[in-house]
Amino acid sequence: MDIAATALAIQSGDRRALARAITLVESARPDHRAQALELLAALPKEKQALRIGLSGTPGVGKSTFIEAFGLMLIAQGLRVAVLAVDPSSARSGGSILGDKTRMEQLARAPAAFIRPSPSNAQMGGVARRSREAVALCEAAGYDIVLIETVGVGQSETVVAQISDLFVLLLAPAGGDELQGVKRGIMEMADLILVNKADGDLAAAAQRTRADYAGALHLLRRRAQDPDGYPLAMAVSAYTGAGMPEAWAKMQALAAWRRENGHWDLARAAQAKHWFHEEIRQNLLASLMAEPLRGILDGLGDAVARGDLRPELAAARALAAMGRG
Ligand code: GDP
């Protein structure tokens, strides 16, 4: 790959070049990795998209919502990229977003770019690749980068560390219980959107919205939140009801954070987090590679047999890593 030419093509809005570049950052091959780092370094850093993390369990309407929301943004003249962080597909090797029937209209829009989730990757790897894919989309001039994840716990933390805003999508609840949403995920959310507020579900959606508004109210307000946030709203991806209002609330929050310095602080903290995470991942990978892996396995077996004391084995392991 011609790195300089690819960097220029990405910046000129060439979607195929962007897709190829994302494939490059997703590759684990060492030569691809070196090219990926070169490419990322060749891209300008000044462009910033609004990165919106979006999470929700399967069936809440994420793809329907993203399609409607994305088309609304495009109608306002914005360019929209959609990426997926999906640990379950990482396990199965398949991809929920690879399903061609999802987001058909948005996928056809020239101002949109939709990227399925990376396959055959471990969670740490997915995180790195998604973050780099976001950087590529920013360099390509997308105004909004939507980062979608299936709500299973672990992936939200990753997505929150890549996003400027975090949106939790929920469905109307049947009973009056909060739908077992983990407190940690609630605390991450800037906006809770109760989808399917239409037809027979409209009243239930409003009740669920009120329940979550109450629950959010009990959570301590964070320094990076203005009055009224985090908030819960009802939307319908079918009818579009509540969508412009939700978008207005996202924009207002982003603007407030920019004006009050929280945006830059958050991005700086994220950059530092990923610096440490990258080191951690690389160190772990080097431990899992031969010859070190064999040495560690052998020492572990010796400890288990009682032939070697754990602290002595650990000292030998560290010596083998050049840190004894
Ligand atoms: P995902 O698994 O979170 O991506 O959910 P989908 O977008 O595939 O939607 C799951 C189901 O909910 C589908 O049958 C949709 O047609 C339906 N759905 C999505 N959005 C809405 C909505 O706003 N209102 C109603 N009534 N149904 C919706």
Side-chain angles (χ1 to χ4, degrees), residues 52-75 80-92 94-109 112-119 126 130 144-156 158-160 163 165-175 178-182 185-186 188-189 191-212 232-247 249-250:
I52 304 173
L54 183 87
S55 173
T57 48
V60 298
K62 287 183 300 302
S63 45
T64 313
F65 175 85
I66 291 173
E67 165 133 301
F69 189 65
L71 289 170
M72 181 187 81
L73 297 178
I74 284 172
V80 179
V82 181
L83 304 169
V85 175
D86 177 16
S88 58
S89 80
R91 236 176 288 126
S92 69
S95 164
I96 45 157
L97 271 180
D99 180 351
K100 288 276 188 312
T101 59
R102 291 181 98 229
M103 306 177 202
E104 254 175 36
Q105 284 189 60
L106 190 61
R108 278 199 300 270
F113 174 81
I114 299 186
R115 179 70 181 190
S117 52
S119 52
V126 171
S130 303
I144 312 291
V145 181
L146 279 167
I147 308 146
E148 176 192 2
T149 189
V150 176
V152 291
Q154 197 187 7
S155 57
E156 278 89 352
V158 170
V159 171
S163 312
L165 300 181
F166 191 82
V167 176
L168 180 61
L169 205 61
L170 297 173
L178 301 186
Q179 300 153 50
V181 177
K182 292 196 193 78
I185 295 173
M186 289 270 292
M188 264 183 249
L191 271 84
I192 286 181
L193 299 181
V194 182
N195 190 31
K196 310 193 183 183
D198 50 56
D200 292 347
L201 292 168
Q206 290 300 343
R207 273 199 307 276
T208 306
R209 187 210 69 79
D211 288 344
Y212 278 94
M233 303 173 85
V235 297
S236 167
Y238 273 5
T239 67
M243 301 276 265
E245 291 82 356
W247 171 228
K249 291 294 185 187
M250 291 182 212

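One-based numbering, in listed order, for ligands and for the atoms of each. What you are looking at is a predicted structure, and each value in this text was computed from that prediction instead of being measured. Just so you know, residue 1 is the first one in the sequence shown, and it goes up from there.
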[atom] [closest protein heavy-atom partner, distance rounded to 0.1 Å]:
atom	result
atom 19 (C) of ligand 1	T64 OG1, 3.3 Å
atom 15 (C) of ligand 1	Y238 OH, 3.5 Å
atom 10 (C) of ligand 1	G59 O, 3.4 Å
atom 23 (O) of ligand 1	A237 N, 2.8 Å

Quiz item: When rounded to the nearest 0.5 angstrom, what distance separates CD1 in I114 from CD1 in I66?
Solution: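 Taking CD1 in I114 and CD1 in I66, the distance rounds to 8.5 Å.
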
Quiz prompt | CG-CD distance between L169 and E148, expressed to the nearest 0.5 angstrom | solution =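 Between L169 CG and E148 CD, I get 9.5 Å after rounding to 0.5 Å.
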
Close-contact set for ligand 1 against [X] heavy atoms, below 4.0 Å:
X	value
S63	4 (O), 6 (P), 7 (O), 8 (O)
T57	3 (O)
S236	23 (O)
P58	2 (O)
V60	3 (O)

Quiz item: Taking all non-hydrogen atoms of both residues, which atom of V235 and which atom of A246 are closest, and how far apart?
Solution: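 It is CG1-CB, 4.2 Å.
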
Exercise. State, to 0.1 Å, how close K196 and L201 come at their nearest heavy-atom pair, and which atoms those are.
Key: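 Heavy-atom minimum between the residues: O-CB, 3.2 Å.
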
Quiz item: Non-hydrogen atoms of G56 versus ligand 1: any pair closer than 4.0 Å?
Solution: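 Contact absent.
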
Quiz item: Out of curiosity, is G199 lining ligand 1, as in a heavy atom under 4.0 Å away?
Solution: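 Flag not set, G199 not near ligand 1.
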
Determine whether a donor-acceptor pair (N or O, by modelled atom type, separation under 3.5 Å) exists between the side chain of [X] and the backbone of [Y].
X	Y	result
K62	S55	no
R209	A232	yes
E67	E104	yes
S236	T239	yes
T149	E156	no

Quiz item: Considering M243, K196, E67, which one's heavy-atom position lies nearest to atom 12 (O) of ligand 1?
Solution: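 Of the listed residues, K196 has the closest heavy atom.
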
Quiz item: Going through the distances and angles, do I52 and L146 end up as a side-chain contact (heavy atoms from CB on, under 4.5 Å)?
Solution: CA-CA 5 Å; I52 304 173; L146 279 167; 3.8 Å; yes

Quiz prompt | Steps toward side-chain contact (heavy atoms from CB on, under 4.5 Å) verdict (F69, L54) | solution = CA-CA 12 Å; F69 189 65; L54 183 87; over 6 Å; no

Quiz item: Looking at atom 21 (C) of ligand 1, is any protein heavy atom nearer than 4.0 Å to it?
Solution: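 It does: a protein heavy atom is found less than 4.0 Å away from atom 21 (C) of ligand 1.
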
Quiz item: Counting heavy atoms only, which part of L169 comes closer than 4.0 Å to ligand 1: side chain, backbone, both or neither?
Solution: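 Contact part for L169 vs ligand 1: neither.
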
Quiz item: What part of D198, side chain from CB on, backbone N/CA/C/O, both or neither, has a heavy atom under 4.0 Å from ligand 1?
Solution: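 Side chain only.
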
Quiz item: So is L201 polar-close to ligand 1, meaning N/O to N/O under 3.5 Å?
Solution: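 Looking only at distances, the answer is no, because the N/O contact criterion of under 3.5 Å is not met.
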
Quiz item: Are any of the N or O atoms of G61 closer than 3.5 Å to those of ligand 1?
Solution: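 Between G61 and ligand 1 (N or O atoms, distance only) the closest approach is under 3.5 Å.
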
